[in-house]
Amino acid sequence: MAVLQRIKGTNDILPDHLGSGIFRSGLWRRLEETSLRVASLSGYHEIRTPIFESTELFVRGLGDVTDIVKKEMFSFTDRGERQLTLRPEGTASVVRAWIENGIGVSDAVARLSYLGPMFRAERPQKGRYRQFHQFGIECIGGGEVRHDIEVIAVFWNIIRSLGVSGVTLRINSVGCPECIPHYRDVLRAYFEPFIGELCDDCRERHRTNVLRMLDCKNPACQAVLSSAPPVTGHLCGECAASWDGLRHGLDLAGIPWLHDTRLVRGLDYYTKTAFEIVHEDIGAQGTIVGGGRYDGLVAASGGQAVPAVGGAFGIERMLLAMQAGDPALSPATRPRFFLVQIGDGVDDDIERLLSGLRLHGIYAMRADGSRQMAKQMRAAAKFASLEVVFVGGDEWNSGRLAIKNMDSGEQDTLVVGPAGVLACLLERAGA
Ligand code: AMP
């Protein structure tokens with residue numbers, strides 16, 4: 001019978017010692033825990049929403065001219081003839097939950113974080129998957145520019161806490177319904193004489209979503225696009241003040257930024273601040289974090305007209321960025337002690353030690369199967385154990401403990417005190 005395989009564009013994330021590259025679950029857990037912890041320092045706490053929602057939610061929230069809604073959603077009809085979609089992003093669901101649970105009544109400014117799988121039918125490549133994972137935060141009700149800065153700073157701090165370097169924060173403004181219609185006209189008029197030289201996508205966007213033309217990556221279009229008039233010359237008074245405040249606030253926070261005049265968000269509900277954090281060397285899919293202000297979404301989703309700002313990063317891409325700085329990406333989970341048995345008659349000692357160590361919160365293992373020394377040492381290495389403790393043999397019988405550090409290869413001999421072997425190992429592990 002043919003062996004069934006996972007669907008293209010999806011991944012299995014294995015235990016650290018079995019997986020390779022970024023697909024090791026200990027690394028994922030480390031990244032997730034760091035992200036949740038750093039976000040919580042600014043008051044962002046986790047909300048969990050369903051993985052599928054009504055299709056209507058995303059069509060309304062994202063707008064039916066965006067690529068996601070037009071061609072990337074995994075939608076299906078359930079047995080009750082309901083139109084459902086696997087969530088392609090997190091914001092629409094968080095806003096729905098905010099409305100449905102009346103969160104705005106108790107928290108005028110609600111700070112929420114989320115984490116989990118998202119689904120988009122994109123062409124898979126390195127850094128782009130059909131099931132991918134995001135960590136995101138939303139500040140719903142936060143209408144001041146300091147909220148934009150707070151959101152960007154959370155992502156900046158997560159990146160720093162994970163030790164990722166080589167990233168650039170790019171910012172722009174995408175205006176608001178007051179000033180953007182005028183800017184759209186300016187852009188449309190600018191592109192008009194060049195339309196014959198541009199790609200099919202650009203020609204279509206010229207009619208449907210002219211801002212997105214700035215986003216085009218087609219080499220043939222670049223010369224025309226890079227000379228397009230920047231939005232920041234066409235902002236209304238309020239958006240211009242917000243744009244000034246954003247740059248000033250980022251300077252105060254010590255977060256370096258770059259003005260990217262062609263940064264527009266693919267989603268229709270964004271207003272004012274747009275930002276991305278890009279990594280220079282993880283290939284074509286270098287945008288790790290994307291976000292911005294979306295003052296129009298909550299009202300468009302049937303809630304009160306409250307301002308909001310947020311963003312999200314792709315977990316896979318963040319891990320690729322970590323790997324770019326540390327190609328070996330040391331596993332997050334490694335046994336503190338691996339007990340290697342020498343000779344017979346020490347089985348009970350080993351089991352008693354393992355129980356005692358684990359009871360004190362220490363990750364400790366022994367080999368399964370063969371008692372051959374080489375095989376036990378190989379097992380210790382496979383789990384990336386920190387230290388091997390030899391149980392049995394002459395040293396053991398004379399009240400000494402031989403311990404080998406698996407990173408340095410150095411061996412130590414400890415004299416076991418009157419409190420016994422367990423106490424000696426606990427002290428060594430600082431437990
Ligand atoms: P977006 O929701 O499109 O603003 O995306 C936010 C972030 O999610 C991006 O910067 C990527 O890091 C990540 N992302 C988006 N789409 C994918 C995908 N198909 N595969 C992997 N990561 C993705």
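Every number for a ligand or one of its atoms is a count from 1 in the order of the listing.
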| message | Do S42 and E150 pair up side chain to side chain, a donor and an acceptor below 3.5 Å, judged on atom types alone? | response | no
| note | Checking heavy-atom distances from atom 23 (C) of ligand 1 to each of F132, Y270, F135, the winner is F132
| said: Whether the side chain of S385 engages the backbone of E387 through a donor-acceptor N/O pair (distance < 3.5 Å, no angle test) should be reported. | reply: no
| task | Would you mind telling me if ligand 1 is within reach of the side chain of I288, the backbone, both or neither, using heavy atoms under 4.0 Å? | result | backbone
| said: Which of the numbered atoms in ligand 1 are under 4.0 angstrom from any heavy atom belonging to G314? | reply: 7 (C), 8 (O), 11 (C), 12 (O), 13 (C)
| message | So that I can tick it off, tell me whether E238 and K272 are bridged by a salt bridge, with the cut-off set at under 4.0 angstrom between side-chain N and carboxylate O. | response | yes
| Residue part near ligand 1, for Q134, under 4.0 Å between non-hydrogen atoms | side chain
| Centroid-to-centroid, H248 to W243, below 6.0 Å? | no
| task | For ligand 1, note which part of R120 has a heavy atom under 4.0 Å away: side chain, backbone, both or neither. | result | side chain
| Does ligand 1 have any atom sitting under 4.0 Å from a heavy atom of E316? | no
| message | Quick check: E122 and ligand 1, any N/O pair under 3.5 Å apart? | response | yes
| field | Donor-acceptor side-chain pairing of E138 and T91 below 3.5 angstrom | value | yes
| field | Sub-4.0 Å atoms of ligand 1 with respect to non-hydrogen atoms of T287 | value | 9 (C), 10 (O), 11 (C), 12 (O)
| Minimum side-chain heavy-atom gap L225-R262 below 4.5 Å | yes
| query | Which of the atoms in ligand 1, numbered in the order shown and given with their element, are less than 4.0 Å from a heavy-atom of A312? | reply | 6 (C), 7 (C)
| With a cut-off of 4.0 Å, which atoms of ligand 1 are near a heavy atom of G127? | 20 (N), 21 (C), 22 (N)
| query | Are the side chain of R24 and the backbone of L329 linked by a donor-acceptor contact shorter than 3.5 Å? | reply | yes
